[in-house]
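One-based numbering along the sequence shown.
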Amino acid sequence: MRTRRQELAEAKAAHNHPTYSTMSFVMGCGVQGPGSGAHVTDGDGRDLLALFDQYGNQSFGYSHERILAAVAEQLASGRLNSTKILFEEEQIRLTARLAELTGGRLPYAYLANGGGESIDNALKLARAATGRTTFVSALDCFHGKTFAALSAANRPEHAALYRPFLERFRQVPFDDLAAIDRAVDDDTAAVLLEPVQAEGGVIVPDPDYLAGVRRICTERGALLILDEMQTAFGRCGPFFAFDRFGVTPDLVCVGKAFGGGVVPLSAVLGTEAVWASLRALPSTFGSSLGGNPLCARVGLAAIEIATEESFGRTVAAHAETLGERLPALVARFPRLLAAHRGIGMMHGLEFHDEMLGGMVLARLLRHGVTSTYSLYHSRVLRVQPPMVITPADLAYGLDVLERVLAEVDARQDDPAGRPAVPCSPVVRTAVLPVPHAELRELLHRRPHLLDPFALDPFALDPSGATGDGLDPARTDDGLEPEFGGTLGHDRVVWADRVTRTPDGVSASAVPDWLWRRLERTVRVRAVDGDDRRSAVEVRVDWDTGSGPYEPLLAGQLGPFVSDRLDALLARLADEMART
């Protein structure tokens, strides 16, 4: 019988995003329930504390009372839809407020829905303003998933699928001023950068880097575009991160937190000179729902929250806590962690490999704390909690993180020298006190006896099967239409095929939304010179079809399979010794 969680996972895999559905299910993510502040519940009512703000979207936490009040007030006003011809007060007030936040340096703003849309708008403005065609961006950047944004990143895995990308994008290493100096020429329309690379692994540049880029752009007539989707609204200290680095860009893009975690809202802000192209050809910009009255009202509320002095003091205090405790974790767990990087309330912990990071993420979730990895640097665990998190919750979340790291570090001391995070295939061998013919017959009757994915491998076969070992739930060809399995956190069912072999048994999942491949093989042979004992080998081989994220999922599956096999073999040896 499928759980509600599995029903939703299968539907998501069938109609939305197969890989993300599989990843969430394997890692043990539940069904989302109500949330408040830095907490959200799952479908079972379990409370989860966020050490990550969903890529900046939940910077003000879940269901912030002032964001919800803004939504309710605007709904009550009846002003929800954009006419596109009448003056929309909320939108006008919002763009004026954005200009005020820049001290008038960037007096214009155009509102859109998502980050990629605003990045596209910025690139268009830069070409129109300069009459030039080339853009310079940074390796490992992330600017969204529109075609232009992916072209700016030019990652090989994306290029393999979507080539040819848009032309005239040139990538250089981030935080390398000499590379910028070589790349910017008289055909460069703009340099596009994040003040801090988020999905590249939380890379904080040298304090003088952006100022140097600004100087080069000014000298050569190129524009500077900053993508502040994850760094604005106080995440790095000031409202805009560019103020922390002492520069003013020609264009800046904001989003994510802008919508209060509730509505889609983004913007590109620019100088008067850049905005001239909109006077020359107004129809070059347009967004059907961008900056509608409801979204604009929420944007105003988000700015009100982020600009209050008390909010700034809270962020500064949290930043100090993170800046003290996270480097201490690297010092305490050098076998796990390679580095800490961060600024303000935006931090990352880099593991020595993805599997260690995946194991920590899975264990954090089991302890009721959520986080994630950097999209283009999956060894980096993000520590970027909602900025409204309480001091007590932040301390608790970091305590849980430290406890989980200690658990994972302890596995490095395995007396058998096995890896802390085994990956596929996992193989176990043992010698059991039972004749091999008797053990083979037992496995033929109970083929899942040493199957780590079986719910209860030692339960008696309910059919009382004899002879060929088939039961009413298994067809003549060994197919079990609904094998009752587990991944360590709850029940899951899939179609499984069992085959009896001369030396044991094998079970294979029928490829589906969860498994591209899952094979469990048990082989038994006699121990030389001792008919009373058997040598048994169990091999478990899996592939969820998650591609580059398979090592992350090994952090959940590897320890589960490894520990379960050890327990099953020990229990079988004990029971055989007593019979």
Are Thr314 and Met387 packed together at the side-chain level, in the sense that at least one heavy-atom pair is separated by less than 4.5 angstrom?
no
Applying salt bridge (Lys or Arg N to Asp or Glu O under 4.0 Å), which residue pairs with at least one partner in residues 9-31 are found, sequence neighbours left out?
Arg2-Glu10
Would you say the side-chain atoms of Thr3 and Gln6 include a donor-acceptor pair closer than 3.5 Å?
no
Salt bridge (Lys or Arg N to Asp or Glu O under 4.0 Å) contacts in which one or both residues fall within residues 30-45, not counting sequence neighbours:
Asp42-Arg46
Applying side-chain contact (heavy atoms from CB on, under 4.5 Å) to Leu479 and Asp496, what does each step give before you reach the verdict?
CA-CA 6 Å; Leu479 179 68; Asp496 213 50; over 6 Å; no
Side chain to side chain contact (heavy atoms under 4.5 Å, CB included) with Leu405: of Val400, Leu337, Val330, Leu356, only one passes, and it is Leu337
Between Glu350 and Arg341, is there a salt bridge with N-O shorter than 4.0 Å?
yes
Flag the pair His318 / Pro385 as yes when at least one side-chain heavy-atom distance between them is below 4.5 Å, and no otherwise.
no
Establish, from distance only, whether the side-chain atoms of Arg520 and Ser508 form a donor-acceptor pair under 3.5 Å.
no
Quick one: side chain to side chain donor-acceptor pair (under 3.5 Å) partners of Arg539, sequence neighbours excluded?
none
Only distances under 3.5 Å count here; give the side-chain donor-acceptor pairs of residues 358-368 to other protein atoms, sequence neighbours excluded, each with its distance to 0.1 Å.
residue	atom	partner	partner atom	Å
Arg363	NH1	Glu407	OE1	3.0
Arg366	NH2	Gln556	OE1	3.0
His367	NE2	Glu407	OE2	3.3

Is any side-chain heavy atom of Ile67 less than 4.5 Å from a side-chain heavy atom of Ile305?
yes
Check Glu402 with Arg332, please: is the shortest side-chain N to carboxylate O separation under 4.0 Å?
yes
Between Glu438 and Leu442, is any pair of side-chain heavy atoms under 4.5 Å apart?
no
Under a 4.5 Å cut-off applied to non-hydrogen side-chain atoms, are Trp542 and Leu553 in contact?
no
What do the steps show when you test Leu401 against Leu326 for side-chain contact (heavy atoms from CB on, under 4.5 Å), and what is the final call?
CA-CA 10 Å; Leu401 174 59; Leu326 295 178; 4.3 Å; yes
Heavy atoms only: give me the nearest Ala554-Val421 pair and the separation to one decimal.
O-CG1, 3.5 Å
Atom of Ser534, atom of Pro435 and distance for their closest heavy-atom approach
OG-C, 3.1 Å
Do His489 and Phe560 make the cut of ring centroids closer than 6.0 angstrom?
no
Glu550 and Thr544 side chains, donor-acceptor separation under 3.5 Å
yes
Intermediate values then yes/no, side-chain contact (heavy atoms from CB on, under 4.5 Å), Ile389 and Leu49
CA-CA 9 Å; Ile389 193 171; Leu49 173 66; 4.2 Å; yes
So with a 6.0 Å cut-off around CZ of Arg335, is the heavy-atom count from everything else above 12?
yes
Among side-chain atoms of Asp47 and Thr41, is any donor-acceptor pair under 3.5 angstrom?
no
So Thr429 and Val536, do their side chains get closer than 4.5 Å, heavy atoms only?
no
Any Pro452 side-chain heavy atom under 4.5 Å of Val540 side chain
yes
Parallel under 30°, tilted from 30 to 60°, perpendicular over 60°: which one fits the rings of Trp494 and Trp515?
perpendicular
Is any side-chain heavy atom of Met355 less than 4.5 Å from a side-chain heavy atom of Leu552?
no
Just list the side-chain donor-acceptor pairs under 3.5 Å for residues 195-204, sequence neighbours left out, or say none.
residue	atom	partner	partner atom	Å
Gln197	NE2	Leu139	O	2.9
Glu199	OE1	Leu375	N	2.8
Glu199	OE1	Arg382	NH1	3.4
Glu199	OE2	Gln230	NE2	2.8
Glu199	OE2	Arg382	NH1	3.2

Under a 3.5 Å distance rule, please check whether Ser546 uses its side chain to pair with a backbone N or O of Tyr549 as donor and acceptor.
no
By side chain to side chain donor-acceptor pair (under 3.5 Å), Ser378 pairs with (sequence neighbours left out) none
Is Arg533 salt-bridged to Asp528, cutoff N-O under 4.0 Å?
no
For atom CZ of Arg517, is the number of surrounding heavy atoms from other residues, nucleotides or ligands below 6.0 Å larger than 12?
yes
Nearest heavy-atom neighbours spanning Ala573 and Pro433
O-CG, 3.9 Å
With ring-ring contact (aromatic ring centres under 6.0 Å, His included) as the test, would you mind laying out the steps for Phe483 and Phe453 before giving the verdict?
CA-CA 10 Å; Phe483 165 73; Phe453 292 97; 8.2 Å; no
Is there a salt bridge (charged side-chain N to carboxylate O under 4.0 Å, His left out) between Arg418 and Asp566 once you walk through the steps?
CA-CA 12 Å; Arg418 294 188 293 244; Asp566 288 342; 3.2 Å; yes
Greater than 12 external heavy atoms within 6.0 Å of Arg523's CZ:
no
For salt bridge (charged side-chain N to carboxylate O under 4.0 Å, His left out), just list the numbers for Arg155 and Asp140, CA-CA rounded to whole Å, side-chain angles, deciding distance to a tenth of an Å, and then say yes or no.
CA-CA 8 Å; Arg155 295 189 65 82; Asp140 292 328; 2.9 Å; yes
Around Glu157, counting heavy atoms of other residues, nucleotides and ligands shown, do more than 12 lie under 6.0 Å from its CD?
yes
Could you tell me the separation between the NE2 atom of His39 and the OG1 atom of Thr370, rounded to the nearest 0.5 Å?
10.5 Å
Given side-chain contact (heavy atoms from CB on, under 4.5 Å), test Val524 with Leu443 step by step and report yes or no.
CA-CA 10 Å; Val524 180; Leu443 288 168; 3.6 Å; yes
Asp503 vs Arg525, test: salt bridge (charged side-chain N to carboxylate O under 4.0 Å, His left out). Steps then yes/no.
CA-CA 7 Å; Asp503 61 350; Arg525 64 174 177 81; over 6 Å; no
Derivation and outcome, salt bridge (charged side-chain N to carboxylate O under 4.0 Å, His left out), residues Asp563 and Arg411:
CA-CA 11 Å; Asp563 294 350; Arg411 293 182 70 100; 2.9 Å; yes
Just say parallel, tilted or perpendicular for the rings of Phe233 and Phe258, cut-offs at 30° and 60°.
tilted
Considering all heavy atoms, the nearest Gly144-Leu150 contact
O-CD2, 3.9 Å
Tell me whether Arg379 forms a cation-pi arrangement with Tyr373, defined as NZ or CZ under 6.0 Å from the six-membered ring centre and within 45 degrees of its axis.
no
Quick one: sort the Tyr162 and His158 rings into parallel, tilted or perpendicular, breaks at 30° and 60°.
tilted
